[in-house]
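Data first, discussion second: the structure below is written as structure tokens.
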Amino acid sequence: MGIDPNYLQKPVVRTHEEHEVREENKEEGKLGIHGRAVAVDFDLCISDGICLQVCPVDVFNWLDPNTQEMKKQSELKPEKNSQWKADPTREKDCIFCMACESTCPVNAIKITQG
Ligand code: F3S
Ligand code: F3S
Ligand code: ZN
């Protein structure tokens with residue numbers, strides 16, 4: 001199992017850092033999916049960090065969805081399964097190399113070009 005490939009069909013609940021957020025539901029404890037072109041399912045992300053390392057154009061920041069605190073890749077090496085999630089903060093810079101989608105160990109990322 002991984003991120004729902006049909007995530008774009010779900011309604012947008014808000015925007016964060018100029019990207020869309022879907023499936024977020026605080027009452028149900030769901031962190032939801034951040035991003036449209038570069039979509040990350042925060043409920044699947046285990047803070048692995050390989051996506052931040054392989055992206056050639058530095059699309060991702062670490063985000064703590066509970067406090068909204070953000071850290072650059074160079075500032076943080078979180079423990080696995082921590083509260084830190086890979087936020088596609090600069091998804092507009094994506095060059096669709098697909099490295100993040102193909103290396104995430106839990107298939108939490110889906111890229112949609114166009
Ligand atoms: Fe980076 Fe993933 Fe795009 S690695 S360039 S965000 S496809
Ligand atoms: Fe999370 Fe997968 Fe990146 S687990 S930190 S989205 S490689
Ligand atoms: Zn976000």
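Ligands are counted one by one from 1 in listed order, and the atoms in each one are counted from 1 as well. These numbers come from the heavy atoms of this one structure, side chains and all, not from hydrogens, waters or symmetry mates.
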Identify the closest protein heavy atom to [atom]: which residue and atom is it, and at what distance?
| atom | answer |
| --- | --- |
| atom 2 (Fe) of ligand 2 | C104 SG, 2.3 Å |
| atom 5 (S) of ligand 2 | G49 N, 3.2 Å |
| atom 3 (Fe) of ligand 2 | C51 SG, 2.3 Å |
| atom 4 (S) of ligand 2 | I46 N, 3.3 Å |

## Note on the structure
Taking only non-hydrogen atoms of A86 and a 4.0 Å limit, the atoms of ligand 2 in range are 3 (Fe), 5 (S)
### Query
Can you list the atoms of ligand 2 that are under 4.0 Å from a heavy atom of I109?
6 (S)
### Query
Are the charged groups of D64 and K85 less than 4.0 angstrom apart, N to O?
no
### Query
Is any side-chain heavy atom of I33 less than 4.5 Å from a side-chain heavy atom of I3?
yes
### Message
Is any side-chain heavy atom of M70 closer than 4.5 Å to one of T89?
### Response
yes
#### Entry: Residue E18 excluded, over 12 heavy atoms near CD under 6.0 Å
no
### Message
Please check if the number of heavy atoms outside E79 that lie under 6.0 Å from its CD is greater than 12.
### Response
no
### Query
Is the backbone of P11 close enough, under 3.5 Å, to the side chain of R22 for a donor and an acceptor to pair up by distance?
no
### Task
Return yes if some donor-acceptor pair links the side-chain N/O of E20 with the main-chain N/O of R36 below 3.5 Å, else return no.
no
### Message
Taking 2.8 Å as the limit, list every protein N, O or S atom around atom 3 (Fe) of ligand 1, by chain and residue number.
### Response
C94 SG
### Single-linkage hydrophobic cluster, 4.5 Å side-chain cutoff, F60 and V57 together
yes
Pair up each side-chain donor or acceptor in residues 103-112 with any protein partner under 3.5 Å, not counting sequence neighbours, and list the distances.
{"from": "T103", "atom 1": "OG1", "to": "A99", "atom 2": "O", "distance (Å)": "2.7"}
{"from": "T103", "atom 1": "OG1", "to": "C100", "atom 2": "O", "distance (Å)": "3.4"}
{"from": "T112", "atom 1": "OG1", "to": "Y7", "atom 2": "OH", "distance (Å)": "2.6"}

### Sole candidate of E17, E69, H34 that passes side-chain contact (heavy atoms from CB on, under 4.5 Å) when paired with L63
H34
### Task
Check which protein N, O or S atoms are less than 2.8 Å from the Zn ion (ligand 3) and report how many there are.
4
What are the two closest non-hydrogen atoms of [X] and [Y], and how far apart are they?
| X | Y | result |
| --- | --- | --- |
| E91 | V38 | OE1-N, 3.2 Å |
| Q113 | F96 | NE2-CD1, 3.4 Å |
| R90 | D58 | NE-O, 2.7 Å |

With a 3.5 Å cut-off and sequence neighbours excluded, list the donor-acceptor pairs that the side chains of residues 41-53 form with protein atoms.
{"from": "D41", "atom 1": "OD1", "to": "D43", "atom 2": "N", "distance (Å)": "2.9"}
{"from": "D41", "atom 1": "OD1", "to": "L44", "atom 2": "N", "distance (Å)": "3.4"}
{"from": "D43", "atom 1": "OD1", "to": "L31", "atom 2": "N", "distance (Å)": "2.9"}
{"from": "D43", "atom 1": "OD2", "to": "L31", "atom 2": "N", "distance (Å)": "3.2"}
{"from": "D43", "atom 1": "OD2", "to": "G32", "atom 2": "N", "distance (Å)": "2.9"}
{"from": "S47", "atom 1": "OG", "to": "S82", "atom 2": "N", "distance (Å)": "3.1"}
{"from": "S47", "atom 1": "OG", "to": "S82", "atom 2": "O", "distance (Å)": "3.2"}
{"from": "S47", "atom 1": "OG", "to": "S82", "atom 2": "OG", "distance (Å)": "3.1"}
{"from": "S47", "atom 1": "OG", "to": "W84", "atom 2": "O", "distance (Å)": "3.0"}
{"from": "D48", "atom 1": "OD2", "to": "I50", "atom 2": "N", "distance (Å)": "3.0"}

### Task
Just go through D41, I50, D87 and tell me whose heavy atom is the nearest to atom 7 (S) of ligand 2.
I50
### Query
N/O/S of C45 less than 2.8 Å from atom 3 (Fe) of ligand 2?
no
### Task
Answer with yes or no whether W62 contacts ligand 2, where contact means a heavy atom under 4.0 Å from a ligand atom.
yes
### Query
Counting heavy atoms only, which part of V106 comes closer than 4.0 Å to ligand 2: side chain, backbone, both or neither?
side chain
